[in-house]
Each structure stands twice: as structure tokens, then as C-alpha cells.
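As C-alpha cells, the structure follows; a few thoughts come after it.
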Amino acid sequence: MVKIATLQLSGCGGCHIALLDALNNLPELISKDILEIKYSHMLMDKKTLSEEVDLLIVEGGVSTTDEEAMLKQCAMFARKIFALGACAGLRGVLTQGNFMLKEKLLKEYFDENKIPGDDLPEHFEFAHGIDVIVNVDYYHNSCPPDADELRDDIAAILRGKEPRFSIKSVCDECPRKRNKDPEKAQDTATMKRLIEVIPDEEKCFVDQNILCLGHATRAGCNAKCPRAGAPCYGCFGSIYVGDRALAPSDLTYQKKLAKEGEI
Amino acid sequence: MADTIKIHPLTRIEGHAELKLYLTGNGDVKNAEFKIYGPIRGFEVFLCGNPGEDVPRLATRICGICFTPHMIAAVKAIESAWEVEPPEDAVKLRKLMLLANNLQSHALHYVMLAAPDFLCSPYRKGGLADLIKQDKELVEAGIVLRQVGQRITQILGGRAIHPVTAIPGGMTKSLKEEEASEIRQLLKNAWAAFDVVKERTWTIIDKCRDMAESFEDIKSDFLYLEQKNNLNFYDADLRLMDKKGNVAAIGERDYESRLRKLTLDYSFVEQSYLDGMDPYNPVRVGPLARINKASWSNEMMKDFTKTFGRPAQNSFAFNIARPIEMEESIKGMQEILDEGIGSHIRDIVKPQVGTGVGFVEAPRGLLYHSYTTDWNGTVTRATIITSTQQNQLPIEKSAEAIAKKYITGENSNVREETLNKVEMVIRAYDPCVSCALRIVKLKE
């Protein structure tokens, strides 16, 4: 029997939803004693993790002292740690809040002199990925995690294998047709906003002068957004490697890839 | 004897919150503090500076359960700032998405988070795992209902979580004929699964009545979008109902100008209230607010009214309002599909200086987004009021009421099962901490 625990930190809860989407056979797994959930504050009533688990699945980054303590406490009992989603692995949307100093952020939030709380946890200057605090064994850098990809990943991890990370770009999975004619390469000066045009459904966004991050973004989502008429905005993180590191989280991830000889 | 009892963290809710109970000298409960200590992520601050058309898909990240309402409320607010009317077909797609999300969220809460309290005995702290061992059929039905909601969101929104298709001026993806027939098939599956859920509701309604009768809950006003014959989460009128059941209309702009905030020193969440009302006067939002004046013809409504009266005030009635709304959601989606959805889904729009407001009903209650944009459509001010932010004080007062009943000096050996009874009333509101951590950034 495999024992798992899940922990939510600075996240939106969406990774837990993706986990439920991925584990659609959960009743089967639990009733046949294949899987046991030891701790998950969203699904059960245990207040802390206090026994050993095979896998700790962490959603969200770390932005308060309280979250750091929770993460450390849970990590003590975890044989392996799985950083699920862009916030835990890459800081995700939390990065946007990091562009502003904590002081300013809190002052924007609360009237001066009225910032609540001696009894409340303190915010860090910046939100971090969880690998700044604990050693992470597996990553799934995506927002939101794709249920099918996640199911495969978890199955691989539970079989003792490394989950696969696509090192292709979203363009590789995108069905939109690229304009191969170099003469007609896009002109950045005439870039258009999506509200200004109704793009052709079958042609590449970039060829239609609409900004799309597909070429720079890691694949694995099956190009869901371009298929739905919206350009890619990079939620699976960068495919750039080498000296193009964006965050400490990326470095660890790259080292892993290098070790596996993928880059 | 300890002078406080802490329930830390509250479980089977989204995000991290705590309930702190202060005791008198002889061990009775004096008062309660509902403390939300989750992290501030700064959405209102960093949404500023983004182009208006990017806001809907960034705003989805506020919540991983009710992403669709955040997307739609944001796009409505931007459209209102730019004085744009989306095409009718786009509105139908948005309504369909809101109902699909409501089905998903309610199925998650009702079956997976709340039902273990009513169907599993003795209390074993296992939550969903306990329920699977007790009643696998129900959990499987809940999973089907969730999957239906998620799949419809994926078809219409591009992704099952954090959809991307709403844009000022309409939607980026139309509904193709084969997709419409897939949704029809999904709704058939949903009806079959819902029968299982409905059957259990007769048991759960009895348990909720027993709990409701065991203590004196708060009485509150209710704020909601008016529900007539159909579930309408998108463009219904804003209403305020007082404790006696008298209903008054509030204009959308009126709400905005009357918005005030109360900073509590023990919680990161600021309570919002309306000018002219006592900030400590509880005003609740959510399924209970919507159902009280709704005229849906639903089999379970009769039992609901018989059990909890109208207007229903006890928080445990929230639990029964959810399956009723689930049924209405499936019905509503079917009706929109039967009306037919055309392919004119988008118009080109031009940004302008303005302030816009967008109201929708989220699964947990009224959701309000407001943005000011400059000439180029860049956001310069953002305000988001979520349902849990409005429900914060009512949750605290309800928890205080039930704790006073179950935790007394005579019964000083407080067991976990008793504390779970206090949590049950909090859980009935289905609080969502990630949503709640918003500021009330008032208009200068």
C-alpha cells in the first residue's frame, strides 16, 4: 500500500482539484487498500502529518513563516516530495506579487497603522518555490496541471520511476499552421492586441501578429489555449535551459535534466 | 484550565484558517474569532498595469475551485468600463460555464467535504476516505458530477481548471455541433449520477435538521442576485433581503459607492459591508441567500421549506441548498443548449477610460469585480469582493453560537468529535480562503 499526504501552501486550491480530476479512480484505490491518504487538510480531519508517508504532494509556494513551518514539519515524515503546479515549482502567479516589496504590498492592502496581527504569521519579503526550503524529488511545473499528464506522473512516481517532463515547446503540440514563408515573417512593430482582431482559427497567432508565448513555453498541455482561440501565456514555465535560468527553482530542475542526460 | 480552545487548522475547507474560542472563568464559551491566516498574494496590486483583456485569465488564479466566476466577473467589469455589450451567443456560453462550475463545486463540497459528517459514524477523522468505505456509490456519483462540470468547462473554456476563453467583447471559442452533442451526453450521465446524490439527500436533510434544532443560529440579511424560475448567475438583479424577508433592490453602482471595509486585527481578511448598515450586522451570501426567494419548481424545495422555513436562517440549510442548486444547474444547462447557441461569439472592441463593475453569483455567493482602466485599457485600480470575504463575520457568529451550545463548563472535557460539530457549521458555508484574501480597495 502506498501512503500519501497532500499539503496546500500559497496556492489557489486548483492543484488539489487537478489531483482529484487525475485520481478519478480514488474510490477503487482506497477501498482496495492500494492507496492511503494520511494527511490532507482539504479532504480529511487530521490536523498535522505525524506519521511516515511515501509521497508528499505539495501545492503552492511559500510566502509566510507559518507555511515554512508547515512544510518543514510535513517534510520530516516524507520519503519523497512532489512539487505540484507552477507555484510550488516555479512560484507561478506569486512571482507577480514579488515585483513589489512586501512593505508596499501590505500598505496597499491595509490602511496604515491598521495592518492586522501580532498573532498572525509574518510574510517573507518574497514568495519562494518550495525547493528553497526543502529538497524536492519530483516537479510538475504547470498551471493548472493537466489531469492526464498528472495521472501518468503519479503512476510513474509510485512505480519508482521519474515522471517524464516534456522538453518540447507548446508549438510542437499546436495544430495551428505556421507560415513557412520567411518573407512574410512577423513584424513586431505591427503587433496587435487580441481585442483588436478576430484571428483566423487555423493560422499561427504569431503569423497573425498576435503575441503568443508558445515557442518559449514547455509543452505538456497539448496546446489547450491556442486550440481554444487564446494565445499561450506561458503557464507551464520556460523551456529555456543553461544560463537562461529564471528562478532558483529552475536551477534544481535543470540539474536534474542534466543528470538524466536530456540536455 | 485553559482560557482558549483553538481549532487549528480548520479542515475540509479550501485554504488555511483557524477558529479560536475564548472561554470564561467557568469554562463556557465567551466569544469566537475566525482567523484567516493564509498568505496575501497581492492580486489587486499586480492586476494593475495589465491590459484589460489579460485580467480575466489572470483573475482565474484567485481560486482553483471557482475559477469560472472570477473570469466572468472580471470580463463583465472590463466590458462595463469600456461600455461594451457582448453578443448574445457569448452570453449563453458564459452562463453555461457558470452553471458547469457550480455543479462541479457543489458536487465537491456536498459529496466529498460535507457528506462524511452526516453519513459516517462513528467519527473517525478520515473524511473522504471514511465516506468511500461507507458509501462508495455516492462518492463515485460525486466524481461523475464533478467530471461533467470539469469537462464542460474544458470544452467551453479551453481548460478544465483556469479557463481562458472570456475576452472583452465575447468569447474566443464557439460551441461546435459535435461538442454540443457531447455536452448533451454528459448531462445524461449527470442525471443518472444525481439520482444517487438525491437519494442520500433525504437522509442528510434529517441530520441537518437535528443539528439545526440543537442550537440557536444567527439571523442575518442576505445579499444575492435575484433567482426567478431559472438559475441565473450571470445577469440577474442585485437584491438585499432583511431578516424578516423584505426584499430591496440595490443598483450595481450604488453597491460600489456604498462599499466600506472593516479591518479585523486577528485576520488578514477585511470584512466588507455597505454604508448605512452596521458593519457587525451579519449579511450572508451563498446558496442559502439565493434559495430563499427563488421560485424553482424542485422536488427537494418542499422538504427544504418544511424543514428550515422561509426565509431559512439556520446555517445547516446551506447544505441542502447545494443539491437543489446542483439539480437546477443541470436543468439550466440543458435549457441553454435546447435554446441553441449560434456562432456570433465575438466583436472587436475599443478600450476607453472608465470604471466598470461586474457581479456574478459564484458557488459560494455573490462575487464582485471592479476595475478602472486608462485610455489604452490598462488597469489602474482593481477591487475584488468575494463571497467568503462577505461571509467572514457570519461564519464567526455562527461558530460562536454552536460552540456556546456544545462547549460548556459542565462538559469541560472537550473531545474532537465535539469540536468537529463546531467545524460543521463553518463547513456549511463552504469557506474558500484563497478567494477570501482580498482587500477592499475603495474608489478614491
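Just so it is clear, the structure is predicted and the values come from calculations on it, not from any experiment. Numbers restart at 1 for each chain; the letters A, B, ... are given by sequence-line order, proteins then strands.
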- Against chain A, work out which of B:Ile13, B:Ile7, B:Leu10 has the most heavy-atom pairs shorter than 4.5 Å and name it. B:Ile13
- Task: Kindly say whether the aromatic ring centers of B:Phe268 and B:His16 come within a distance under 6.0 Å.
- Result: no
- Under 4.5 Å from a heavy atom of chain B, the part of A:Val197 involved: backbone
- Query: Under 3.5 Å, side chain of A:His41 to main-chain N/O of B:Gly15, donor-acceptor pair present?
  - Reply: yes
- Message: Counting only non-hydrogen atoms closer than 4.5 Å, does B:Tyr123 touch chain A with its backbone (N, CA, C, O), its side chain (CB onward), both, or neither?
- Response: side chain
- Against chain A, label B:Ile62 side chain, backbone, both or neither, depending on which of its atoms sit under 4.5 Å from a heavy atom there. backbone
- Message: For the interface with chain B, which of A:Asp21, A:Leu9, A:Ile37, A:Leu20 has the highest count of heavy-atom pairs at distances below 4.5 Å?
- Response: A:Asp21
- Look up atom CG in A:Leu26 and atom CG in A:Leu43, then write down how far apart they are to the nearest 0.5 Å. 8.0 Å
- Whatever's closer than 4.5 Å to a heavy atom in chain B on A:Ala18 counts as both
- Which region of A:Cys221, side chain (C-beta onward) or backbone (N, CA, C, O), has a non-hydrogen atom less than 4.5 Å from a non-hydrogen atom of chain B, or is it both or neither? neither
- Task: Select, from B:Arg41, B:Gln104, B:Gln147, the one with the greatest count of heavy-atom pairs under 4.5 Å involving chain A.
- Result: B:Arg41
- Query: Checking A:Glu36 against chain B: side chain, backbone, both or neither under 4.5 Å from a heavy atom?
  - Reply: neither
- Task: Would you confirm whether A:Arg176, through its side chain, and A:Asp200, through its main-chain N or O, come within 3.5 Å as a donor-acceptor pair?
- Result: yes
- Message: Counting only non-hydrogen atoms closer than 4.5 Å, does A:Glu196 touch chain B with its backbone (N, CA, C, O), its side chain (CB onward), both, or neither?
- Response: backbone
- Message: How long is the straight-line distance from SG of A:Cys15 back to CG of A:Leu7, given to the nearest 0.5 Å?
- Response: 12.0 Å
- Query: For the residue pair B:Gly52 and B:Pro56, what are the closest heavy atoms and their distance?
  - Reply: O-CD, 3.3 Å
- Query: B:Glu44 side chain to B:Arg381 main-chain N or O, any donor-acceptor pair under 3.5 Å?
  - Reply: no
- Could you look at B:Ile40 and say if it's the side chain, the backbone, both or neither that has a heavy atom under 4.5 Å from chain A? both
- So what's closer than 4.5 Å to chain A heavy atoms on B:Tyr37: side chain, backbone, both or neither? both
- Message: Taking every non-hydrogen pair under 4.5 Å, which of B:Pro351, B:Pro39, B:Cys432, B:Gly169 racks up the most with chain A?
- Response: B:Pro39
- Message: Out of A:Glu201, A:Glu28, A:His123, return the one with the most heavy atom pairs under 4.5 angstrom to chain B.
- Response: A:His123
- Query: Under a 4.5 Å heavy-atom cut-off, does chain B meet the side chain of A:Asn24, its backbone, both or neither?
  - Reply: both
- Item | Under the side chain to side chain donor-acceptor pair (under 3.5 Å) test, residues paired with B:Glu179 that sit two or more places apart | B:Lys173
- Query: Does any heavy atom of chain B fall under 4.5 Å from the side chain of A:Glu67, the backbone, both, or neither of them?
  - Reply: side chain
- Query: Counting only heavy atoms not in B:Glu416, do more than 12 sit closer than 6.0 Å to its CD atom?
  - Reply: no
- Without swapping roles, check the side chain of B:Asn420 against the backbone of B:Glu423 for a donor-acceptor pair under 3.5 Å. no
- Task: Give the member of A:Met70, A:Glu59, A:Gln96, A:Lys224 that has the highest number of heavy-atom pairs under 4.5 Å with chain B.
- Result: A:Gln96
- Would you say B:Arg346 and A:Leu194 make side-chain contact, with heavy atoms under 4.5 Å? yes
- Heavy-atom pair count under 4.5 Å with chain B, highest-scoring of A:Asp119, A:Asp146, A:Thr48, A:Asn25: A:Asp119
- Message: Heavy-atom pairs under 4.5 Å with chain A: which of B:Lys133, B:Glu18, B:Lys350, B:Glu140 has the most?
- Response: B:Glu140
- Mark yes or no for whether A:Thr65, through its side chain, and A:Glu122, through its backbone, hold a donor-acceptor pair below 3.5 Å. yes
- Between chain A and each of B:His8, B:Glu14, B:His162, count heavy-atom pairs under 4.5 Å; write down the option with the most. B:Glu14
- Item | Max heavy-atom pair count under 4.5 Å with chain B, selected residue of A:Gly229, A:Gly60, A:Ala127 | A:Gly229
- Message: At a heavy-atom distance under 4.5 Å, which candidate from B:Asp265, B:Leu128, B:Ile161, B:Leu47 has the highest pair count against chain A?
- Response: B:Ile161
- Please state whether the side chain, the backbone, both or neither of A:Thr64 comes within less than 4.5 Å of a heavy atom of chain B. side chain
